[in-house]
Each structure stands twice: as structure tokens, then as C-alpha cells.
2 protein chains.
Amino acid sequence: MTKLQSHGREPFEAVDRAPEAQAEGFATVRQAHESEMAEDYVELIAELIETRGEARPVEIAERLGVKPPTVTKNISRLKAAGLVRREPYRAIFLTQAGQDLAEICRRRHRVVVAFLLSLGIDEETAERDAEGIEHHVSQTTLEAFESRLNQK
Amino acid sequence: MTKLQSHGREPFEAVDRAPEAQAEGFATVRQAHESEMAEDYVELIAELIETRGEARPVEIAERLGVKPPTVTKNISRLKAAGLVRREPYRAIFLTQAGQDLAEICRRRHRVVVAFLLSLGIDEETAERDAEGIEHHVSQTTLEAFESRLNQK
DNA sequence: TAGATAAATTAGCCATGTCTAACTTTTTAC
DNA sequence: GTAAAAAGTTAGACATGGCTAATTTATCTA
């Protein structure tokens with residue numbers, strides 16, 4: 001395994017932060033979690049519209065690995081949030097706000113994946129990790145990823 | 001495959017994956033979310049024991065940016081999960097399992113922070129982003145981070 | 001076009017993790 | 001040693017995002 005194990009000395013220093021700064025960090029993570037659902041959905045909806053011509057709940061459910069009723073419920077949340085437009089039993093469309101959000105998410109996703117690939121990580125792992133990581137990457141970090149990619 | 005932005009060209013390719021692989025990725029993210037609470041708590045408890053001699057709910061609440069009742073509830077969940085040992089109104093201790101988990105999490109956290117710092121990201125951002133990212137970094141990716149750090 | 005199949009929705013359940021308000025226990029300070 | 005303050009808990013509410021079972025709507029096909 002790695003030298004991250006329990007023997008040996010610590011390779012990296014622990015940073016100690018002010019309690020408020022730490023609390024703010026955790027708050028940021030909690031906020032990120034709240035937007036994850038929306039981001040994953042609009043990203044996927046945009047992808048489906050592009051590759052399939054339309055986005056249907058059954059397909060969304062399959063891609064996200066959830067059951068159709070979960071999709072129905074979440075889509076109505078997205079509708080309430082003004083991100084999608086849709087009539088019952090019909091395909092799902094993105095509003096302008098939804099398209100804008102999807103755009104941002106897809107770009108961010110690709111940058112994260114490309115960055116991980118540039119570290120020599122295999123495609124499957126890069127995709128899986130990116131799925132989780134992308135929601136927690138600040139603009140600053142995203143730019144750092146990009147500039148490393150560009151300078152290569 | 002897809003060109004995404006209205007202006008300019010796309011710097012990175014979109015990877016298209018099998019629906020099942022994609023679903024598995026999202027499932028992995030959901031699972032990670034389920035362990036996040038536990039990881040954040042044991043990590044923080046270990047830190048407090050080390051720097052303060054003991055871990056008290058009031059301090060945990062302050063660091064996490066949540067209210068004391070939330071801590072009480074979550075601590076009893078951790079107790080049920082066998083990660084902490086504790087009597088009501090007393091300080092909190094980690095079981096061996098809790099210590100082991102804390103160890104893994106703290107090391108992972110430090111590697112992620114160090115990695116972000118190595119990209120030129122400022123400390124505050126590195127810490128904040130790491131808080132979210134660390135829970136979604138696979139062993140493979142963690143090793144890639146480390147090897148980049150070591151080769152520098 | 002009618003019946004069968006597939007897709008979508010509704011209703012109702014559950015766990016997680018947050019909160020406030022009220023209460024209990026412990027600690028501190030006089 | 002007791003009263004006040006601080007810490008911790010309990011009770012009960014709420015939003016999120018999963019689920020199953022049952023129903024309704026749409027689509028396909030014979």
C-alpha cells in the first residue's frame with residue numbers, strides 16, 4: 001500500500017485553523033450537498049437532450065441509479081426551482097437558468113476529469129471520482145486545474 | 001464528442017459511459033455521503049483529543065458550525081456504529097475502530113490539502129475545498145496525489 | 001382500434017441531518 | 001455548599017432524497 005499507513009512519520013503538516021473558519025468550511029460543504037441534486041440532474045438532462053433528443057424520467061432514473069418515483073419527485077423540485085420546464089407525462093426541458101447551470105457543471109466536470117486523467121488516473125476512476133469531487137471544487141481550484149492542463 | 005460552448009472550442013472531450021457505469025458512479029457518491037458525517041466527526045474528535053486533551057460536544061458543535069443537539073444526536077449514531085465510547089454528559093472517546101477511521105481520514109485530508117497547496121492554491125481555499133473533496137477521493141486518486149507530491 | 005406493455009405519477013413510508021424550545025446535569029464562583 | 005452559568009440532552013419539527021405498492025397515462029402492436 002501507500003506510505004499513508006500507520007507507521008513512519010507524518011509527511012505533511014496538519015494546518016490548524018480558527019474554529020469559525022473551520023465551521024465555515026463545513027457549512028460550505030453542506031451547501032454544496034444541497035445543490036448537488038440539481039446539478040446532477042440538469043447536467044444529465046442536458047446530456048440526454050443532446051445525445052438522445054429528449055430527456056425522459058425512465059432514462060434519468062437508469063443513469064442515476066435511482067427509481068422512477070425519485071426522479072418524478074426531484075424533477076418537480078427542479079421545476080419549483082425554475083430549472084426545468086415540463087408537463088406531466090411529457091419529456092423534460094431545461095429553462096434558460098437550467099441550461100446555464102448545466103453548462104457550468106458540464107465544463108467543470110470535464111475539467112476535473114481531464115485533470116485527473118493528466119495525473120495518470122484511469123478513465124473509470126477519473127469519472128467516478130470526478131462525480132463526487134466536482135461539487136466541491138471552488139472557482140480558484142478549478143482555475144488551478146485548468147492552468148495546469150494548459151501548461152502541459 | 002460534444003462541443004459544448006457557444007464560443008470557442010472545447011478543450012476537453014466528454015467521455016460517454018455506459019448507463020450502468022454512470023449509475024454506479026452516482027451510487028458511490030451517495031455512499032460517500034453516508035459516511036461523511038462519521039468521518040468528519042471522528043476526524044474532529046481525534047483532533048480535539050490531541051490538541052485539547054478531550055472532545056466535548058460544545059466544541060464539536062462550534063467547529064462543525066452546528067448546534068449542540070445535532071451533535072448529541074450524531075454522537076449517539078456514532079456510538080451505535082461502534083466508533084465512539086461515551087457516557088451521557090461526559091467527554092467523548094474513540095473506540096479502536098474510531099481511531100483507525102480517524103487516522104485514515106486525517107491522513108487523507110492532509111494529502112489532499114498538501115496536493116492543493118502544491119498547485120499554488122491558497123491555504124484557506126485548500127482547506128475548504130479539501131473538506132468536501134476528501135470524501136470523494138478514491139485510493140487510486142489519493143495515491144496519484146501522493147506520488148506527485150513525492151516527486152516534487 | 002383495442003388490449004397489452006411501458007412509462008410516469010401518487011401516496012405513503014423511512015433514514016439522515018439539521019433546527020428550536022424546554023429541561024436536566026455538571027461545573028464554576030462566590 | 002449553594003446559586004448561577006454553562007454544557008448537555010430530550011422532544012418534536014422540518015427538508016431532503018431515497019424506497020415500494022398501487023394507480024394512471026401514454027405508447028405500441030396485433
Side-chain angles (χ1 to χ4, degrees), chain A residues 19 22-45 48 52-81 83-93 131-132 135, chain B residues 19 22-45 48 52-81 83-93 131-132 135:
Chain A
Q22 203 172 359
E24 235 190 277
F26 284 112
T28 302
V29 175
R30 286 193 298 271
Q31 278 174 260
H33 284 165
E34 289 183 14
S35 22
E36 273 193 47
M37 185 273 286
E39 295 183 355
D40 287 340
Y41 274 72
V42 298
E43 199 173 332
L44 180 52
I45 290 166
L48 288 171
R52 304 293 253 251
E54 61 173 16
R56 287 266 169 200
V58 66
E59 189 100 2
I60 295 171
E62 190 191 348
R63 300 290 191 112
L64 293 177
V66 301
K67 302 294 178 185
T70 300
V71 174
T72 297
K73 191 182 280 190
N74 286 332
I75 291 297
S76 54
R77 283 171 179 156
L78 297 184
K79 190 179 174 181
L83 295 168
V84 308
R85 198 158 28 82
R86 120 110 148 167
E87 299 310 315
Y89 297 98
R90 291 277 127 80
I92 296 149
F93 301 92
E131 209 69 76
H135 302 288
Chain B
Q22 203 172 1
E24 235 190 275
F26 285 111
T28 302
V29 175
R30 286 192 298 272
Q31 277 173 259
H33 285 165
E34 288 183 14
S35 23
E36 272 192 48
M37 186 275 283
E39 295 185 354
D40 287 340
Y41 274 72
V42 299
E43 198 173 334
L44 180 52
I45 290 165
L48 289 171
R52 303 294 253 250
E54 59 174 18
R56 287 267 168 198
V58 66
E59 189 101 3
I60 294 171
E62 191 191 347
R63 301 291 192 110
L64 293 177
V66 300
K67 302 294 176 183
T70 301
V71 174
T72 297
K73 191 181 280 190
N74 286 333
I75 291 297
S76 56
R77 282 171 180 157
L78 297 184
K79 189 179 174 181
L83 295 168
V84 309
R85 198 157 29 82
R86 120 112 148 167
E87 298 310 315
Y89 297 99
R90 290 278 125 80
I92 296 149
F93 301 93
E131 209 69 74
H135 302 288

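Proteins come first, then strands; the chains are lettered A, B, ... in the order of their sequence lines, and each starts at number 1.
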> In terms of side-chain heavy atoms of B/Arg90, which of C/dT9, C/dT26, C/dG17 is nearest?
Replying inline: C/dT26
> Does the side chain of A/Met37 reach to within under 4.5 Å of the side chain of A/Leu78, using non-hydrogen atoms?
Replying inline: yes
>> It should be established whether B/Arg56 places a side-chain nitrogen or oxygen under 4.0 Å from OP1 or OP2 of nucleotide D/dA7.
In response: no
> Below 4.5 Å, heavy atoms only, C-beta onward: do A/Val66 and B/Arg30 meet side chain to side chain?
Replying inline: yes
> D/dT25, C/dT18, D/dT9: which one has an atom nearest the side-chain heavy atoms of A/Tyr89?
Replying inline: D/dT25
> Considering only heavy atoms and no angle criterion, is a donor-acceptor pair shorter than 3.5 Å present between the side chain of A/Arg77 and the base of D/dG17?
Replying inline: yes
> Looking at A/Leu83 and A/Ala38, what are the two nearest heavy atoms and their distance?
Replying inline: CD1-CB, 4.0 Å
>> What verdict does the side chain to side chain contact (heavy atoms under 4.5 Å, CB included) test give for B/Phe93 and B/Val84, after you've listed the backbone C-alpha separation in whole Å, the side-chain angles of each residue and the deciding distance to 0.1 Å?
In response: CA-CA 6 Å; B/Phe93 301 93; B/Val84 309; over 6 Å; no
>> So, OP1 or OP2 of D/dT9: does either fall under 4.0 Å of a side-chain N or O from B/Arg86?
In response: yes
> Does the pair B/Glu54 and B/Arg52 meet the rule for a salt bridge (charged side-chain N to carboxylate O under 4.0 Å, His left out), with working shown?
Replying inline: CA-CA 5 Å; B/Glu54 59 174 18; B/Arg52 303 294 253 250; over 6 Å; no
> Is any side-chain heavy atom of A/Arg86 less than 4.5 Å from a side-chain heavy atom of A/Ile75?
Replying inline: yes
> Whole-Å distance between D/dA7 C1' and B/Glu54 CD?
Replying inline: 12 Å
>> Under 4.0 Å, heavy atom to any atom of DNA chain C: which of residues 58-74 of chain A qualify?
In response: A/Val58, A/Pro68, A/Pro69, A/Thr72, A/Lys73
